[in-house]
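Numbered from 1 within each chain, the chains take letters A, B, ... in sequence-line order.
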2 protein chains.
Amino acid sequence: MVNQQKDTEGKILDAAKDVFQQKGMTGARMQEIADKAGINKALLHYYYRTKEKLFEKVFEIAFSIFIPRMQEIMLSEKPVFEKIEFFIESYMDLLTKHPYIPGFVINELNRNPQILVNIFEKNIHIKENKLFEKFDAQIQAEVKKGIIKPIDTRNLMTNVIGLIVFPIVARPIIQGIMFDNDKKQYDAFLKQRKDFVKEFIINSIKPVNA
Amino acid sequence: MVNQQKDTEGKILDAAKDVFQQKGMTGARMQEIADKAGINKALLHYYYRTKEKLFEKVFEIAFSIFIPRMQEIMLSEKPVFEKIEFFIESYMDLLTKHPYIPGFVINELNRNPQILVNIFEKNIHIKENKLFEKFDAQIQAEVKKGIIKPIDTRNLMTNVIGLIVFPIVARPIIQGIMFDNDKKQYDAFLKQRKDFVKEFIINSIKPVNA
DNA sequence: CCTAATTTTGACCAGATGGTTAAACTAAAT
DNA sequence: ATTTAGTTTAACCATCTGGTCAAAATTAGG
């Protein structure tokens, strides 16, 4: 076969993603990844020399899933209101498909914040875009025009992202305390929350006289 | 000495708290805990037979730090607005003193949601209080009186807690991307955020004609 | 003091874990 | 068919890890 190779590499990454995201770097076992990929443990080290390197790859892929959409939305020409609504809609959908990634990323970054520096060094373009500066400029421009209330961009972004991500990473505790551990009910809650968060955010930055 | 015992047990718990909260259950090493406590590793197993049991104790203590204050505030006689403001003030201060706990709790619960069930079984009173039901009743009562906008209690609580907790658990990523990894700047951000979040929440539930 | 109970230690163990190696297998090129 | 390069495997290794145990040290009571 021409590409048994790529197939194996793909199976490894799939398995590694599952195991790392569920158990974390320290909890993951190379043997379990090998088993899940249906290969020999030695083959893992043939493709990715160390656990560390395999982990970095998985982390980078997980992290990169959330970057392009963010750039696309934030650098587009839409007004802030539309951007925020679209951002919430888009990322809440994305998180439904990848619910383990935020907790994984947050946890591993708390364990070793250096990971982020490494990613920035490898993918310079992420920082070069000056994503934040450009978005901040747009916000303050719209504030000046009276389209939105005066607001600190960092606080606003923290709020938007937090309201999206928190119910996902804290799912076990919220579902356990407020929803009697009913999975279906919590899924419904998350679905319904999309419009709630949109309104919540928009209300909070809409000028009083609008 | 009368109580070398309690002293040792305390030193163990202190050390275990540090190590578990920083490295998680799977990343923590009994040897490191022993070293940090200044004792022999065998002594750990003398006081807490297994790693699992020691971990459970540490988790329970960490978890319980956030319960009493929550109960006190939510079951008090104040109106909702005051409760929320006081809640935000109080918990943001608490998190400044215990910044590692939320990430620790969230991470371990994602790894093994069963932990929460065990805690509820041990500490029945937490669930018996019907904390949520009582608070929900108050909210809906004030909604009826027109003091606050119609709002879903679960969504509101998720928002309040999320806005408080998220900047703490996601600190490495937010500080890295939006604050150029400047620790002091981020501390200032968190301090300033208290009033911001209060306003943000209050604005969003204040009736339009108020 | 002497004794019994409790606390602390050093040495040790079995199993797990990340990683290595040499050999076997596969497929395409000559 | 033979060579060559890449792929896969089984067996193996050194180290780490949670946990045990018997003996030593300390403490409290009579």
A.B. asks: Could you state the CG-P distance from B/Asp7 to D/dT26, rounded to the nearest angstrom?
C.D. replies: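 Rounded to whole Å, this separation is 16 Å.
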
A.B. asks: Taking only the side-chain nitrogens and oxygens of A/Tyr46, find out if one of them lies under 4.0 Å from OP1 or OP2 of D/dT7.
C.D. replies: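 Answer yes for this pair, as a side-chain N or O of A/Tyr46 is under 4.0 Å from OP1 or OP2.
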
A.B. asks: Think A/Asn40 has a side-chain N or O under 4.0 angstrom from the OP1 or OP2 of D/dT8?
C.D. replies: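 No, outside the criterion.
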
A.B. asks: Will you find, in the side chains of A/Glu108 and A/Asn112, an N or O donor that is under 3.5 Å from an N or O acceptor?
C.D. replies: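 Note: A/Glu108 and A/Asn112 side chains miss the donor-acceptor criterion.
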
A.B. asks: Which class fits the ring pair B/Tyr186 and B/Phe179: parallel under 30°, tilted 30 to 60°, perpendicular over 60°?
C.D. replies: perpendicular

A.B. asks: Within this structure, what is the NZ-to-P distance between B/Lys41 and D/dC21, rounded to whole angstrom?
C.D. replies: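 From B/Lys41 NZ to D/dC21 P: 14 Å.
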
A.B. asks: In whole angstrom, what separates A/Leu43's CG from D/dT8's P?
C.D. replies: 5 Å

A.B. asks: Quickly work out the B/His45 NE2 to C/dT7 P distance and round it to whole Å.
C.D. replies: 18 Å

A.B. asks: Please determine whether a side-chain nitrogen or oxygen atom of A/Thr8 lies at a distance below 4.0 Å from atom OP1 or OP2 of D/dT8.
C.D. replies: yes

A.B. asks: Mark yes or no: B/Arg111 above the aromatic ring of B/Phe55, with NZ or CZ under 6.0 Å from the six-membered ring centre and no more than 45 degrees from the axis.
C.D. replies: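 Yes.
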
A.B. asks: For A/Asn40, which residues count as a side chain to side chain contact (heavy atoms under 4.5 Å, CB included) partner, sequence neighbours excluded?
C.D. replies: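 Per chain and number, A/Asn40 pairs via side chain to side chain contact (heavy atoms under 4.5 Å, CB included) with A/Ala42.
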
A.B. asks: I need the NZ-P distance between B/Lys51 and D/dT20, as an integer number of Å.
C.D. replies: 15 Å

A.B. asks: I need the OH-P distance between A/Tyr48 and C/dG18, as an integer number of Å.
C.D. replies: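 To the nearest whole Å, that distance equals 17 Å.
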
A.B. asks: Rounded to whole angstrom units, what separation is found between the CZ atom of B/Phe55 and the P atom of D/dG18?
C.D. replies: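 Rounding to the nearest Å, CZ of B/Phe55 and P of D/dG18 are 14 Å apart.
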
A.B. asks: Separation of A/Leu54 atom CG from C/dG19 atom C1', in whole Å?
C.D. replies: 13 Å

A.B. asks: Partners of B/Asp18 by side-chain hydrogen bond (donor to acceptor under 3.5 Å, both in side chains), sequence neighbours excluded?
C.D. replies: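 None.
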
A.B. asks: Kindly indicate whether the side chain of B/Tyr46, heavy atoms from C-beta on, has any atom under 4.5 Å from the side chain of B/Ile12.
C.D. replies: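 When only atoms from C-beta onward are counted, B/Ile12 and B/Tyr46 do not touch, as no gap falls below 4.5 Å.
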
A.B. asks: Tell me which residues in residues 14-35 of chain A lie within less than 4.0 Å of DNA chain D, going by non-hydrogen atoms.
C.D. replies: none

A.B. asks: Nearest 0.5 Å, please: how far is CZ in B/Phe104 from NE2 in B/His98?
C.D. replies: 13.5 Å

